[in-house]
Participant: 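Below is one structure. I have some questions about it.
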Amino acid sequence: MERIICLAIGYLFGMFQTSYIIGKIHHMDIRQYGSGNAGTTNALRTLGKKSGGNDSYWRYA
């Protein structure tokens, strides 16, 4: 039962798009800039190293 709960929690946390959330903090829709993808690489290109690095940290933490 513990494994099922851990899998469910991991699945739910994996659904959050951190680059989209960080873009909204900066008052922009990350999907409207760069490649149009809400991924870490587009966040690095569009928002810069500080915000893109922050996205990368939260994505893989």
Participant: Applying salt bridge (Lys or Arg N to Asp or Glu O under 4.0 Å), which residue pairs with at least one partner in residues 39-48 are found, sequence neighbours left out?
Facilitator: none

Participant: What donor-acceptor contacts under 3.5 angstrom involve side-chain atoms of residues 1-13, with partners at least two apart or in another chain?
Facilitator:
none

Participant: Supply the atom-to-atom distance Asn42 CG to Ser35 OG, rounded to the nearest 0.5 angstrom.
Facilitator: 3.5 Å

Participant: When rounded to the nearest 0.5 angstrom, what is the spacing between CD1 in Ile21 and CZ in Phe16?
Facilitator: 6.5 Å

Participant: Which pairs count as salt bridge (Lys or Arg N to Asp or Glu O under 4.0 Å) when at least one residue sits in residues 18-29, sequence neighbours excluded?
Facilitator: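 For residues 18-29, and leaving out neighbouring residues, the salt bridge (Lys or Arg N to Asp or Glu O under 4.0 Å) pairs sorted by first residue read Asp29-Arg31.
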
Participant: When you look at Met28 and Leu47, which way does the side-chain contact (heavy atoms from CB on, under 4.5 Å) test go after all the steps?
Facilitator: CA-CA 10 Å; Met28 65 184 298; Leu47 299 173; 3.2 Å; yes

Participant: Working to the nearest 0.5 Å, report the span between OG1 of Thr46 and CG of Asn37.
Facilitator: 10.5 Å

Participant: Looking at Ala38, is its backbone amide N or carbonyl O close enough to the side chain of Ser19 to form a donor-acceptor pair, meaning the two atoms are under 3.5 Å apart?
Facilitator: yes

